[in-house]
Amino acid sequence: MSPYILAKHISAHKGEEVTLKGWVYNIRKSGKIWFLIFRDGTEFIQCVVLKNEVPEAVFEMKGTLTQESSIAVSGIVQEAPRQEAGYELLVKNIEIYHIAEDYPIALKDHGVEFLLDKRHLWLRSRGPYAILKIRAEIEQACRDFFNERDFTLVDSPMFTPNAAEGSTTLFETQYFERKAYLTQSGQLYSEAAIMAHNRTYCFGPCFRAEKSKTRRHLTEFWMVEPEMAFFDIHDDMDLAEEFVEYLVHRALKNCRRELQILERDISKLESVKRPFPRISYDEALAILHKKGFDLQFGEDLGAPHETAISEDFDQPVMIWRWPAASKAFYMKRDPEDERYVLGVDVIAPEGHGEIIGGSQREEDIKVLLERIEKEQLPKEDFEWFLDLRRYGSVPHSGFGLGLERTVGWICGTHHIRECIPWPRTMVRLKP
RNA sequence: UCCGGAGUGGCUCAAUGGCAGAGCGGGUGGCUGUUAACCACUAGGUUGUAGGUUCGAAUCCUAUCUCCGGAGCCA
């Protein structure tokens, strides 16, 4: 048999006979010619089977091969400009590993529930395939970005002992003889890690028991969270901006084929360039009032507000300097005006919503204690965190980027459940 | 939890008070350049569930279950 290659390398073998191993994606039959659309997980290749080019038994496979049957197919690599891959295979021989039973997923429209029930098979389809390729590239890009900038990866635990921020959104689990909770964020642990490593990031799943049923929510999602000693809010925003630009450019550089499969309008991504617009919460309010929204000072922005603001810009928008009342206890008060905290949200264009939330952290133990008391948080659970303000406290900042929302924006997907291999939502725990 | 929408063949949908239908997928046959190929034939139904109104219910009413979209919350 001719040499076995991956389909993505087919262009390097023009005119040669090669063997591909993979699955039947589709078959188009005619009388004395048939076309086998083949995939091996690296590319989709059309294979042409001509009656006078193959043994009789191979030609007759047009009647036995079914969608998703596994095969080894050998043939001559030919240029085919009309093919997406640019090349096709003139078949010489086919060996069958397994004839698939009737495959449930047709190359036609299906409902969301059906496809999610069949997620273990749906992964093979072109759309999910391309999205997960891009997700993998973005994950790698996150690691590369921080590793190239003197950050140390310090992962945070999934099990946490207490109900730190609002217990209603925490998943509770049995931990031997007591209760534990699944982490919502690694931030507090990262604040400890930077005192050892100066700049760190953590990257892993987060769990939130929010009863949200929208296209922007999962109960299990991935977040990358950098934390930096000696960064103020402006340094924090500079880094967030550079990071988002880097991720988009990496996808454009290394995922052209996948973006093409998804029919993504890449001109919208190509125009993403620093500096991003930075507006304060007050300016955001003014824009919203001009657009007819009735929003009082102190109210947090909802999804419709975010979308309305992002409409005015073709870049991600950074909204900073938020009312203190609407934000978490650990955010630093604006020294110029106590009513505000030095937090920032980054809103993706095209209505994809908030992809980053970050802030300068409060380093003064007195202010932290006041806020813990005011919000009636269990002080004893934060003793270890308060230690960080007792032993060499420094100004510091950080942010968290939601992986699925970012991938959803870059891929232009309607719902972020398509941006994670095995989505977990309020109503879905399988497969 | 609240608001809105939808449940009909394996899948996607049509039928709005009067004979449950189409496309895809399956099966059979045809076709030498197809692009979610095409053409012909064919099998496949207790209309989510329970009750009610009616001569007659997929269709109207009540209850209930499931899913989808959105709000709040957030990445």
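Within every chain, numbering begins at 1; the chains are lettered A, B, ... in the order of the sequence lines, protein sequences first and strands thereafter.
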Protein-nucleotide distance ([X], atom [atom1]; [N], atom [atom2]), rounded to Å:
| X | N | atom1 | atom2 | result |
| --- | --- | --- | --- | --- |
| A/Ile319 | B/rA75 | CD1 | P | 13 Å |
| A/His414 | B/rG69 | NE2 | P | 6 Å |
| A/Lys211 | B/rC3 | NZ | P | 16 Å |
| A/Ile355 | B/rA75 | CD1 | P | 13 Å |
| A/Ile138 | B/rA75 | CD1 | C1' | 15 Å |
| A/Phe114 | B/rA6 | CZ | P | 23 Å |
| A/Glu113 | B/rU66 | CD | P | 11 Å |
| A/Ile27 | B/rC31 | CD1 | C1' | 16 Å |

On the 0 to 90° scale, with breaks at 30° and 60°, tag the [X]-[Y] ring pair as parallel, tilted or perpendicular.
| X | Y | value |
| --- | --- | --- |
| A/Phe297 | A/Tyr340 | perpendicular |
| A/Tyr281 | A/Trp322 | tilted |
| A/Phe293 | A/His305 | perpendicular |
| A/Phe146 | A/Phe399 | tilted |

Within the pair [X] and [N], is there a side-chain N or O less than 4.0 Å away from OP1 or OP2?
| X | N | value |
| --- | --- | --- |
| A/Arg215 | B/rA71 | no |
| A/Arg216 | B/rA71 | yes |
| A/His415 | B/rG69 | yes |

Expressed in whole Å, how much space separates the P atoms belonging to B/rA40 and B/rG25?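 Going atom to atom, P in each nucleotide, I get 14 Å.
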Considering only atom P, compute the distance from B/rA75 to B/rG17 and round it to an integer number of Å.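 Looking at atom P only, B/rA75 and B/rG17 are 50 Å apart.
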Need one value for [X]: base, sugar-phosphate or nothing, where a base atom within 4.0 Å counts as base even if backbone is also close, heavy atoms only.
| X | answer |
| --- | --- |
| A/Gln83 | base |
| A/Asn52 | base |
| A/Leu403 | nothing |
| A/Leu50 | base |
| A/Arg417 | sugar-phosphate |
| A/Lys29 | base |
| A/Gly111 | sugar-phosphate |

Report the nucleotide, chosen from B/rU32, B/rC68, B/rC73, that has the shortest atom-to-atom distance to any side-chain atom of A/Glu210.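 Closest nucleotide among those given: B/rC73.
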Run through A/Arg126, A/Glu43, A/Gln46 and flag the one making a side-chain contact (heavy atoms from CB on, under 4.5 Å) with A/Glu84.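 Among the candidates, only A/Arg126 passes.
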Could you tell me the Watson-Crick or G-U partner of B/rC38, where both distances fall under 3.5 Å? Say none if there is no partner.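 Here B/rC38 is engaged in a pair, and the nucleotide opposite it is B/rG30.
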Record whether the side chain of [X] comes under 3.5 Å of the base of [N] through a donor-acceptor pair of N or O atoms.
| X | N | answer |
| --- | --- | --- |
| A/Ser212 | B/rG72 | yes |
| A/Gln46 | B/rU34 | yes |
| A/His110 | B/rC11 | no |
| A/Thr169 | B/rC73 | no |
| A/Glu88 | B/rG33 | yes |

Heavy-atom side-chain contact between A/Leu182 and A/Thr160 under 4.5 Å: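 They are not in contact (no side-chain heavy atoms under 4.5 Å apart), so the answer is no.
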NZ/A/Lys273: more than 12 non-hydrogen atoms of other groups inside 6.0 Å: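 Count not over threshold, so no.
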